[in-house]
There are 2 protein chains.
Amino acid sequence: MLRISKLSDYAIVLLSEIAREQGGQGVTARHLAASTHIALPTVVKLLKLLKDHGVLLSIQGRNGGYRLAHRPSDTNLAVIIEAVEGPIALTECMNEELDCQIHHNCNTKAHWVHINAAFRQALSVVNLNDLTRGTMPVRVSWNGDRAPAL
Amino acid sequence: MLRISKLSDYAIVLLSEIAREQGGQGVTARHLAASTHIALPTVVKLLKLLKDHGVLLSIQGRNGGYRLAHRPSDTNLAVIIEAVEGPIALTECMNEELDCQIHHNCNTKAHWVHINAAFRQALSVVNLNDLTRGTMPVRVSWNGDRAPAL
DNA sequence: TAAAATGGGACCAATTCAGTCCTGTATTGG
DNA sequence: CCAATACAGGACTGAATTGGTCCCATTTTA
């Protein structure tokens, strides 16, 4: 598997739509549900999450709605996914220490730190601007150079 | 979340152990369970998976066990994770077309293809040799250059 | 021939995930 | 002023996935 959750996927679609439509006023959850075909309760849930994590601003009351908290170019996939799923931590041992009982001579952690960073980097290069316009954001290059031994 | 599954994590530990101990004979599941502190049934399950996907070779019968199918330097994290979790496909739309009903003007797919490739690349650079010796395998570099628009 | 090993399933429990529902608060147009 | 519209914040449920166990068959060899 190893999937981005559906919710994250939805969140990306929703934010793209907001970035696309955002005029002076905010965009309402109801409107987004209609234009993206995502069920309203799910849309509401996600928008709240994104607001709590500072990705969106909300306007309450009758003519309310949501607006991007930052410029589209500053809202990237890493931020969005972290808002919905929490911090990107590919392995258990990344987040807390937890004292991984399985294997004490575990020297894999240093590698995970790198992989984690590379992955987050790949995500953070793509922003809402890239998604609303049709631009390809990034060319990945990778040098296989070896860093000095630990 | 966005975690590598525990099983993948275990698999990496098991393979590291096999790479470390592998002499002429194969290493038994029982022995691996003891040396890694992973429950035997789980070890058995994983070794079978890894064998089915060509990562390990098995020797049946009394003095049987498992051996690496390839050199440690040829067994990398991408291969291991794919053996345990299936193909690396960060989003639903990567694997099959499935005609993603949510959003028809979806131009995110091209981005996911890139992110997916970058992630797999990051995983494939780390191999069993790196894990058994304490070498840092990779220095990640990333150029933010923009490729031409789609 | 019995013991030790893999082979191949089925199976269960627990967690996580996706999605819904309900009630409250803020704002504003009429 | 009040009703309609929108967000706020939970609780809750059903489904799917995951982690883990168990059982029995087959292979090999001391």
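First the proteins, then the strands, lettered A, B, ... as listed; each starts at 1. Bear in mind that the values here come from a model prediction, so they are computed numbers and not experimental data.
Side-chain contact annotation: B:Thr36 with B:Glu17, donor-acceptor N/O pair under 3.5 Å absent.
Checking B:Ile4, B:Leu123, B:Val126, B:Thr75 one by one against B:Ile80, the side chain to side chain contact (heavy atoms under 4.5 Å, CB included) holds for a single residue, B:Thr75. Exactly one of B:Arg3, B:Glu82, B:Glu85 qualifies for a side chain to side chain contact (heavy atoms under 4.5 Å, CB included) with B:Ser8. That residue is B:Glu85.
Each of C:dG7, D:dT21, D:dT5 was ranked by its minimum atom distance to the side chain of A:Arg62; first place goes to D:dT5. The B:Lys45 side chain lies nearest to D:dG20 when the options are C:dT20, D:dT29, D:dG20. Closest contact between the side chain of B:Pro41 and the listed nucleotides D:dC22, D:dG9, C:dA5 involves D:dC22. Listed nucleotides C:dG29, C:dA18, D:dG20 differ in distance to B:Lys6; the shortest reach to its side chain belongs to D:dG20.
Atom-to-atom, CG of B:Leu50 to C1' of C:dT6 comes out at 14 Å; the value is rounded to the nearest Å. Atom CG of A:Leu49 is separated from atom C1' of D:dC7 by 14 Å (rounded to the nearest Å). Look at CZ on A:Arg3: it is 15 Å from C1' on C:dA18, rounded to the nearest Å. Look at CD1 on B:Ile4: it is 12 Å from P on D:dT18, rounded to the nearest Å. The interatomic distance linking B:Leu46 (CG) with D:dG19 (P) rounds to 10 Å, in whole Å. We find that CD of A:Glu85 is positioned 8 Å from P of C:dC17, with the value rounded to whole Å. Distance NE2 (B:His31) to C1' (C:dA4): 16 Å, rounded to an integer number of Å. Atom CG of A:Leu57 is separated from atom P of D:dA6 by 19 Å (rounded to the nearest Å).
Within the 4.0 Å cut-off from OP1 or OP2 of C:dA18, not a single side-chain nitrogen or oxygen of A:Tyr10 is found. In this model, the phosphate group of D:dA8 is approached by a side-chain N or O of A:Tyr66 to a distance below 4.0 Å at OP1 or OP2. For the pair B:Thr28 and C:dA4, the criterion of a side-chain N or O lying under 4.0 Å from OP1 or OP2 is not met. Residue B:Ser58 has a polar side-chain atom (N or O) positioned under 4.0 Å from OP1 or OP2 of C:dG7. Taking 4.0 angstrom as the limit, B:Arg30 places a side-chain polar atom (N or O) nearer than this to OP1 or OP2 of C:dA5.
When every heavy atom of A:Ala11 is checked against every heavy atom of A:Leu46, the shortest pair comes out as N-CD1, 4.0 Å.
Counting non-hydrogen atoms under 4.0 angstrom, A:Ile59 reaches the backbone sugars and phosphates but no base. B:Lys48 comes within contact range of at least one nucleobase, with a heavy-atom separation under 4.0 Å.
When each of B:Ala39 and B:Gly61 is assigned the nucleotide of DNA chain D bearing its nearest heavy atom, the one mapping closer to the 5' terminus is B:Ala39. For A:Gln60 and A:Asn63, each mapped to the nucleotide of DNA chain C holding its nearest heavy atom, the one lying further toward the 5' end belongs to A:Gln60.
Atom CD of residue B:Glu21 and atom OG1 of residue B:Thr132 lie 12.0 Å apart, to the nearest 0.5 angstrom.
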